[in-house]
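Note sheet for the following structure.
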Amino acid sequence: MSSVRGQHRQSAAAFRPWLCDQVVRVGCFAIADFICPTRVTREEFMHGGDAFVIWVGRIQAGAFEDTNRMFVPPERFDLRVTANGSPEYWAEQAMTRLRPVFDPKKPTALFIGRYQPFHDGHRALIVEGLRRVGQACIAVRNTHGNDDKNPFDFEYVRSRIEHGLREFEGLFTVVPLPNIMHIFYGRDVGYVIERIELDLSTENISATEVRNRLSKSQ
């Protein structure tokens with residue numbers, strides 16, 4: 001059984017691999033490949049948080065009888081690898097689930113903004129949209145250089161958005177947009193225009209204050 005951990009987790013029982021904690025703590029992914037035959041041992045590994053679980057079940061029995069006798073099939077897993085299919089095939093199946101490819105035909109939430117710069121308030125808003133709809137199109141208005149409030153060009157903004165939402169890779173796309181100032185729609189347009197309300201502290205995040213902290217002229 002292999003487990004892929006993609007988020008920060010607090011250290012737990014000594015059984016749980018210490019190295020995995022160190023890897024995910026700096027924002028990377030850790031792959032733990034080990035024999036974990038019982039429910040208790042699997043729960044120990046999961047004690048600090050969830051993980052993407054791959055059950056590698058390509059053989060009916062292992063080389064060690066004592067392990068075979070105590071083996072309990074996992075009740076929960078994200079992907080089961082069977083005897084059919086090449087290693088490359090199963091690697092692709094895992095990556096498709098871990099890092100899906102953006103599908104423009106799926107229901108998509110649209111977010112329009114300047115993102116000067118992209119900050120935690122924007123992130124919280126888009127994450128909520130992802131939770132509700134499944135994927136998002138983030139449209140960046142072309143306002144670069146219009147005034148002091150728009151110092152960042154599209155490539156800079158896109159890179160900050162992609163970094164800030166890296167754990168949702170494949171579930172969003174970032175596109176340039178003209179400087180949209182008005183949005184009009186006719187009746188029966190087939191989509192919903194809705195405001196997402198966040199907590200007050202998030203709503204009060206100021207892009208101006210963030211820009212000032214990023215400025216050298218303070």
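Everything numeric in this text was worked out from a predicted model, so none of it was measured. Heavy atoms only: backbone and side chains are in, while hydrogens, waters and symmetry mates are out.
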Shortest non-hydrogen separation from G164 to F118 and the atoms involved:
CA-CE2, 4.3 Å
Spacing of CZ belonging to R76 relative to CZ belonging to R39, to within rounding of 0.5 Å:
15.0 Å
Can you find a pair of side-chain heavy atoms, one from N150 and one from R114, that are under 4.5 Å apart?
yes
Pairwise side-chain contact, V175 with I138, heavy-atom cut-off 4.5 Å (strictly under)
no
For A136 and I126 the tightest heavy-atom approach is CB-CG2, 4.4 Å
Measuring only between side-chain heavy atoms, which start at C-beta, is V133 closer than 4.5 Å to P107?
yes
For the residue pair W55 and F71, categorise the inter-ring angle as parallel (less than 30°), tilted (30 to 60°) or perpendicular (more than 60°).
tilted
Quick one: do V72 and R42 satisfy side-chain contact (heavy atoms from CB on, under 4.5 Å)? Show the steps, please.
CA-CA 10 Å; V72 177; R42 290 189 286 269; 4.1 Å; yes
Look at atom CG of N204 and say whether more than 12 heavy atoms of other residues, nucleotides or ligands are closer to it than 6.0 Å.
yes
Is there a side-chain contact between F154 and V174 in this structure, where contact means two heavy atoms from C-beta onward sitting under 4.5 Å apart?
yes
Just do the salt bridge (charged side-chain N to carboxylate O under 4.0 Å, His left out) check on E128 and R132 with the steps written out, would you?
CA-CA 6 Å; E128 177 61 20; R132 297 188 186 191; 2.8 Å; yes
Flag the pair D78 and R80 as a salt bridge only when some basic side-chain nitrogen lies within less than 4.0 angstrom of an acidic carboxylate oxygen.
no
So I54 and F77, do their side chains get closer than 4.5 Å, heavy atoms only?
no
Which heavy atom of A207 sits nearest a heavy atom of P117, and at what distance?
O-CD, 3.9 Å
Could you check if a side-chain atom of C137 sits within less than 4.5 angstrom of a side-chain atom of T108, using non-hydrogen atoms only?
yes
Taking 4.0 angstrom as the limit, do E155 and R158 come out as a salt bridge?
yes
Y89 backbone acceptor or donor facing S86 side chain under 3.5 Å:
yes
Do F168 and V127 come close enough that some side-chain heavy atom pair is under 4.5 Å?
yes
Main-chain N/O of F172 paired with Q135 side-chain donor or acceptor, under 3.5 Å:
no
NZ/NE/NH1/NH2 to OD/OE distance under 4.0 Å, R123 and E167
yes
Rounded distance [0.5 Å steps], CZ in R213 versus NE2 in H119
9.5 Å
Atom CG of residue position N179 - does it have more than 12 heavy atoms of other residues, nucleotides or ligands inside 6.0 Å?
yes
Decide side-chain contact (heavy atoms from CB on, under 4.5 Å) for R160 and F152; before the verdict, give the C-alpha distance in whole Å, the side-chain angles of both, and the deciding distance to 0.1 Å.
CA-CA 10 Å; R160 294 298 90 198; F152 306 114; over 6 Å; no
If you look at every heavy atom in L198 and G121, which pair is closest and at what distance?
CD1-O, 3.9 Å
Quick one: does any side-chain atom of R211 pair with a main-chain N or O of Q116 as donor and acceptor, under 3.5 Å?
yes
Looking only at atom types and distance, does a side-chain atom of T202 sit under 3.5 Å from a main-chain N or O of L200, one as donor and one as acceptor?
no
Give, for atom CG of D103 and atom CG of L171, the distance between the pair rounded to the nearest 0.5 Å.
11.0 Å
Do other residues, nucleotides or ligands put more than 12 heavy atoms under 6.0 Å from the OH atom of Y191?
yes
CH2 of W90 to OG1 of T82, rounded to nearest 0.5 Å, is 4.0 Å
With side-chain contact (heavy atoms from CB on, under 4.5 Å) as the criterion, how do V140 and L177 come out once you've worked through the C-alpha distance, each side chain's angles and the decisive distance to 0.1 Å?
CA-CA 5 Å; V140 181; L177 200 67; 5.9 Å; no
At what distance, to the nearest 0.5 angstrom, does CD1 of I183 lie from CD1 of I112?
4.0 Å
Reported CZ-to-CG distance for the pair F111 and L125, which is rounded to 0.5 angstrom
5.0 Å
side-chain contact (heavy atoms from CB on, under 4.5 Å) assessment of M181 paired with R141:
CA-CA 9 Å; M181 297 296 292; R141 292 169 52 199; 3.2 Å; yes
